[in-house]
Amino acid sequence: MTDTWNPWHGCQKFSVGCVNCYVYRRDAQYEKDSTEVTKNKSFYAPIERYKNGGYKMDPEGGVIYTCFTSDFFLEQADEWRDECWQMIKRRSDKLFFIITKRIHRFEKCIPSDWGDGYDNVHICCTCENQKEADNRLPIYLKAPIKHKSIICEPLLEKIDLSAYLTPDISQVVVGGESGNEARVCDYEWVLDLRRQCEQAGVAFAFKQTGARFIKDGRLYRIPRKMQHAQAKKADINIE
């Protein structure tokens with residue numbers, strides 16, 4: 001997650017959002033300031049229509065992945081978030097998938113009519129190590145959210161999630177870190193989380209190996225284009 005803010009990104013073939021939608025690495029290539037949060041011309045993309053009345057944003061599968069290179073609960077975006085909630089509520093025909101590491105701000109950022117959660121919002125909480133799992137997940141489990149998943153990506157160490165794998169958690173997603181400066185991900189950590197999910201009856205998905213992947217004590221450097229394929233090849237997902 002970076003400190004830029006870009007809703008409505010991930011499921012479309014094009015990237016749209018309310019701010020500049022590049023992560024820090026991409027911004028640096030174009031001499032852009034990734035810390036500047038600004039509303040852009042695509043802010044209202046989810047409710048834009050064609051002349052025939054159909055919505056322009058109509059992703060296959062019905063899911064709109066939200067803020068995948070940012071964080072929906074970023075403080076600098078507070079002034080625009082209510083409008084986003086209005087669009088999310090209006091587009092009840094789509095599921096909005098939100099991943100956050102700022103679950104501590106959740107209660108401050110929900111709309112007045114949130115109640116026990118919108119039916120079309122799936123909020124995932126990230127935790128890359130045990131410290132963040134123990135900090136974030138107790139807050140997350142108490143939060144009024146109808147659809148919940150835990151994201152351990154990048155997975156940076158062995159994590160014990162057993163205390164947090166309640167019936168409210170629909171899935172745990174695990175993956176290594178990408179990029180030239182990626183930290184290692186050990187397959188034993190991945191398998192241990194899978195075991196925890198299997199025991200708790202929670203779905204599990206191994207998303208990607210990351211760039212530096214340890215298996216059987218050996219370090220492998222895996223190109224970005226192969227990281228998802230190698231994780232899929234492991235065939236350890238639990239539905």
Side-chain angles (χ1 to χ4, degrees), residues 1 63 65-68 71-73 95-110 114 116-119 121-178 182-220 222 227-228 230-239:
M1 300 287 183
V63 180
Y65 292 95
T66 306
C67 278
F68 258 40
D71 197 305
F72 191 70
F73 302 115
L95 178 68
F96 288 79
F97 197 88
I98 300 171
I99 297 177
T100 185
K101 66 178 180 181
R102 291 175 171 82
I103 196 63
H104 62 282
R105 301 201 72 242
F106 175 77
E107 296 282 359
K108 300 176 182 178
C109 298
I110 53 179
W114 178 260
D116 61 352
Y118 287 174
D119 290 333
V121 175
H122 189 133
I123 295 180
C124 308
C125 184
T126 67
C127 51
E128 62 274 22
N129 55 38
Q130 191 68 51
K131 177 182 176 181
E132 296 305 340
D134 294 337
N135 285 340
R136 297 170 187 167
L137 295 182
I139 300 171
Y140 183 55
L141 289 179
K142 294 178 181 178
I145 301 168
K146 290 190 175 180
H147 309 289
K148 298 179 180 180
S149 296
I150 297 172
I151 309 293
C152 297
E153 186 181 5
L155 180 62
L156 301 180
E157 66 180 29
K158 184 176 180 179
I159 303 178
D160 183 2
L161 293 182
S162 55
Y164 308 116
L165 297 180
T166 70
D168 289 339
I169 302 300
S170 61
Q171 185 182 48
V172 173
V173 178
V174 176
E177 187 172 37
S178 298
R183 291 159 287 186
V184 299
C185 177
D186 195 313
Y187 191 46
E188 291 300 319
W189 306 341
V190 176
L191 291 176
D192 188 59
L193 282 173
R194 183 188 189 277
R195 176 189 58 78
Q196 295 173 41
C197 289
E198 187 173 29
Q199 291 180 348
V202 173
F204 172 87
F206 181 28
K207 182 181 175 184
Q208 64 174 8
T209 61
R212 302 177 67 209
F213 188 63
I214 295 177
K215 184 178 181 183
D216 298 328
R218 180 179 175 182
L219 175 63
Y220 296 87
I222 302 178
Q227 291 168 22
H228 287 82
Q230 288 298 313
K232 184 177 181 180
K233 187 177 180 180
D235 194 26
I236 60 172
N237 291 355
I238 302 173
E239 296 184 358

Are Glu153 and Lys207 ion-paired here, with the side-chain N under 4.0 Å from a carboxylate O? yes
Inter-residue atom distance [X].[atom1] - [Y].[atom2], 0.5 Å rounding:
X      : Y      : atom1 : atom2 : value
Cys127 : Leu155 : SG    : CG    : 9.0 Å
Thr66  : Asp71  : OG1   : CG    : 11.5 Å
Arg218 : Asp216 : CZ    : CG    : 10.0 Å
Arg195 : Glu188 : CZ    : CD    : 11.0 Å
Leu156 : Arg183 : CG    : CZ    : 4.5 Å
Asp192 : Arg194 : CG    : CZ    : 12.0 Å

Closest approach of [X] to [Y] (non-hydrogen atoms, all atoms of both residues):
X      : Y      : result
Thr209 : Ala231 : CG2-N, 3.8 Å
Pro138 : Ala133 : CD-O, 3.6 Å
Lys146 : Gly117 : CE-O, 3.2 Å
Gly176 : Pro154 : C-CB, 4.1 Å
Ile150 : Leu161 : CG2-CD1, 4.1 Å
Ser149 : Ile169 : CA-CG2, 4.5 Å

Would you confirm whether [X], through its side chain, and [Y], through its main-chain N or O, come within 3.5 Å as a donor-acceptor pair?
X      : Y      : answer
Gln199 : Ser162 : no
Asp168 : Lys148 : no
Glu177 : Gly210 : no
Arg105 : Phe73  : yes
Asn237 : Phe206 : yes
Gln130 : Asp160 : yes

Using the salt bridge (Lys or Arg N to Asp or Glu O under 4.0 Å) rule, take Arg136 and Glu128 through it: C-alpha gap first, then chi angles, then the decisive distance, then the call. CA-CA 11 Å; Arg136 297 170 187 167; Glu128 62 274 22; 3.2 Å; yes
Side chains of Asp134 and Tyr164, donor plus acceptor under 3.5 Å: yes
Tell me yes or no: between the side chains of Ser170 and His147, is some donor less than 3.5 Å from an acceptor? no
Can you list the steps and then say if Cys152 with Ile159 is a side-chain contact (heavy atoms from CB on, under 4.5 Å)? CA-CA 9 Å; Cys152 297; Ile159 303 178; 4.3 Å; yes
Going by the rule ring-ring contact (aromatic ring centres under 6.0 Å, His included), which residues pair with Phe204 if we only count those two or more places apart in sequence or in a different chain? none
Report yes if the side chains of [X] and [Y] come closer than 4.5 Å at any heavy-atom pair, otherwise no.
X      : Y      : value
Thr126 : Glu132 : no
Phe72  : Ile123 : no
Ile145 : Tyr140 : yes

Using the rule side-chain contact (heavy atoms from CB on, under 4.5 Å), only one of Ile98, Ile103, Ile139 pairs with Cys125; which is it? Ile103
Check for me whether Lys215 meets the cation-pi criterion with Tyr220, that is, NZ or CZ under 6.0 Å from the six-membered ring centre and within 45 degrees of the ring axis. no
Check whether more than 12 heavy atoms from other residues, nucleotides or ligands sit under 6.0 Å from atom NZ of Lys131, and answer yes or no. no
